[in-house]
Amino acid sequence: MTQGLLSQDVKPIKFADFQKLILKTNDTLYVVNFWATWCGPCIEELPYFNNIADRRGDRKIMIFTISLDSRARLSSVIEFLKRKPLRTATFLLDETDADAFIDKIDSRWSGAIPATVVFKNGKIVAFKEEKFESTDELESFIKTHY
């Protein structure tokens, strides 16, 4: 069901450590969603990531949800996730300078959220900077890559 941490156990992560999680050369597909508790569209699509986590079956897919709330809001993020749990590995990106990591994730990313990036073999294979409207749309977005 979960992939590492329970969402209620959200932990701060530095960008360099985040990169170590997803920039691996292997047969696992890494789906990363950037969101925040104050972002309405982000909150609307979070259940779709739970659904994908449930549907992945034996496919080698790791789903990470990365909160872009500030480190000072960590307790608020944890409380939010107690009310709306995620079945994904969930982290809070512990960086203060968004310009330092946004372009490193994808040069097409303006910094708006929600944003979802799919990595395979250490490379970006898909990127979307807007909300998914359904689980099926999210699944179609990542399906051709696993």
Side-chain angles (χ1 to χ4, degrees), residues 2-8 10-56 59-74 76-81 83-146:
T2 58
Q3 304 169 31
L5 298 172
L6 294 173
S7 64
Q8 295 83 347
V10 62
K11 300 247 189 278
I13 190 170
K14 291 291 187 184
F15 182 73
D17 295 324
F18 161 74
Q19 285 184 304
K20 290 176 190 173
L21 288 175
I22 51 102
L23 296 180
K24 297 179 181 175
T25 305
N26 58 32
D27 60 350
T28 300
L29 191 71
Y30 297 90
V31 179
V32 181
N33 176 256
F34 294 92
W35 68 285
T37 58
W38 46 263
C39 170
C42 300
I43 303 312
E44 290 174 28
E45 75 173 5
L46 284 176
Y48 309 147
F49 290 90
N50 277 344
N51 295 341
I52 294 298
D54 292 342
R55 289 183 182 182
R56 66 190 169 103
R59 293 175 287 201
K60 292 186 177 185
I61 298 175
M62 292 289 295
I63 302 171
F64 296 107
T65 51
I66 311 289
S67 171
L68 296 183
D69 286 89
S70 69
R71 172 75 185 246
R73 292 190 35 82
L74 177 60
S76 297
V77 174
I78 292 169
E79 286 304 312
F80 173 86
L81 292 170
R83 293 188 312 275
K84 296 181 184 233
L86 289 172
R87 292 183 296 281
T88 66
T90 303
F91 300 92
L92 181 138
L93 191 59
D94 186 14
E95 296 290 345
T96 55
D97 182 7
D99 293 332
F101 68 84
I102 288 173
D103 283 341
K104 291 178 184 173
I105 293 171
D106 192 295
S107 61
R108 297 169 287 182
W109 188 16
S110 73
I113 54 175
T116 302
V117 187
V118 179
F119 297 87
K120 188 169 189 177
N121 289 317
K123 297 183 178 165
I124 293 174
V125 295
F127 172 80
K128 181 173 179 172
E129 184 181 41
E130 58 187 27
K131 178 182 86 142
F132 290 98
E133 297 299 327
S134 68
T135 300
D136 290 339
E137 181 185 2
L138 173 57
E139 188 166 44
S140 292
F141 176 73
I142 62 175
K143 191 174 189 174
T144 59
H145 304 290
Y146 57 73

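Because only heavy atoms are used, hydrogens play no part in the values below, and waters and symmetry mates are left out as well, while side chains stay in.
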- Message: Minimum heavy-atom separation for G111 and I102, please, with both atom names.
- Response: CA-CD1, 3.5 Å
- Message: Test side chain to side chain contact (heavy atoms under 4.5 Å, CB included) on F64 and L21; report intermediate values, then the result.
- Response: CA-CA 9 Å; F64 296 107; L21 288 175; 4.2 Å; yes
- Message: side chain to side chain contact (heavy atoms under 4.5 Å, CB included) for F15 and I105? Distances and angles first, verdict last.
- Response: CA-CA 10 Å; F15 182 73; I105 293 171; 3.5 Å; yes
- Message: What I'd like to find out is whether the side chain of K84 reaches to under 4.5 Å of the side chain of I43, using heavy atoms alone.
- Response: yes
- Message: Tell me if a side-chain donor or acceptor on D94 pairs with a main-chain N or O of I13 at a distance below 3.5 Å.
- Response: no
- Message: Working note: D54 + R87, criterion side chain to side chain contact (heavy atoms under 4.5 Å, CB included); need CA distance, chi angles, decisive distance, verdict.
- Response: CA-CA 8 Å; D54 292 342; R87 292 183 296 281; 2.6 Å; yes
- The side-chain hydrogen bond (donor to acceptor under 3.5 Å, both in side chains) partner of K60 among N26, D27, T28 is D27
- Give the minimum heavy-atom separation between K20 and K24, together with the two atoms involved. O-CE, 3.1 Å
- Pairwise distance CZ(R71) to CD(E95) - rounded to 0.5 angstrom: 11.0 Å
- Calculate, to the nearest 0.5 Å, the distance between atoms CG and SG belonging to L68 and C39 respectively. 9.5 Å
- Please confirm whether K128 makes a cation-pi placement over F132, using NZ or CZ under 6.0 Å from the six-membered ring centre and within 45° of the ring normal. yes
- Message: I'd like to check the salt bridge (charged side-chain N to carboxylate O under 4.0 Å, His left out) partners of K120; sequence neighbours left out, ordered by chain and number.
- Response: none
- Query: Hey, does D17 have a side-chain heavy atom less than 4.5 Å from the side chain of F91?
  - Reply: no
- Rounded to the nearest 0.5 Å, the OG1 atom of T37 sits from the CG atom of L81 at a distance of 9.0 Å
- Query: Judged by atom type as modelled, is there a donor-acceptor pair below 3.5 Å linking the side chain of N50 to the main-chain atoms of P85?
  - Reply: yes
- Message: By the definition side chain to side chain contact (heavy atoms under 4.5 Å, CB included), identify the one residue from I63, I52, T65, T90 that meets it with N33.
- Response: T65
- Under the 3.5 angstrom rule, does the side chain of S67 hit a backbone N or O of D69 as a donor-acceptor pair? yes
- Between S134 and D136: side-chain donor-acceptor atoms closer than 3.5 Å: no
- Item | Distance in Å, F127 CZ paired with R108 CZ, rounded so as to fall on 0.5 Å steps | 6.0 Å
- Task: Taking the six-membered ring for Trp and the single ring otherwise, decide whether the centroids of F49 and W35 are under 6.0 Å apart.
- Result: no
- Query: When the ring planes of F18 and F119 are compared, do they come out parallel, tilted or perpendicular, using 30° and 60° as the limits?
  - Reply: perpendicular
- Query: In Å and rounded to the nearest 0.5 Å, what is the CH2 to CD1 distance from W109 to I124?
  - Reply: 10.0 Å
- The salt bridge (charged side-chain N to carboxylate O under 4.0 Å, His left out) partners of E129 (sequence neighbours excluded) come to none
- Item | Nearest heavy-atom neighbours spanning N51 and T135 | ND2-OG1, 2.7 Å
- Query: Short question: side chain of Y48, backbone of L138 - any donor-acceptor pair under 3.5 Å?
  - Reply: no
- Measure across E130 and E45 and return the closest heavy-atom pair with its distance rounded to 0.1 Å. O-OE1, 4.1 Å
- Query: In Å and rounded to the nearest 0.5 Å, what is the CZ to CZ distance from F80 to R73?
  - Reply: 10.0 Å
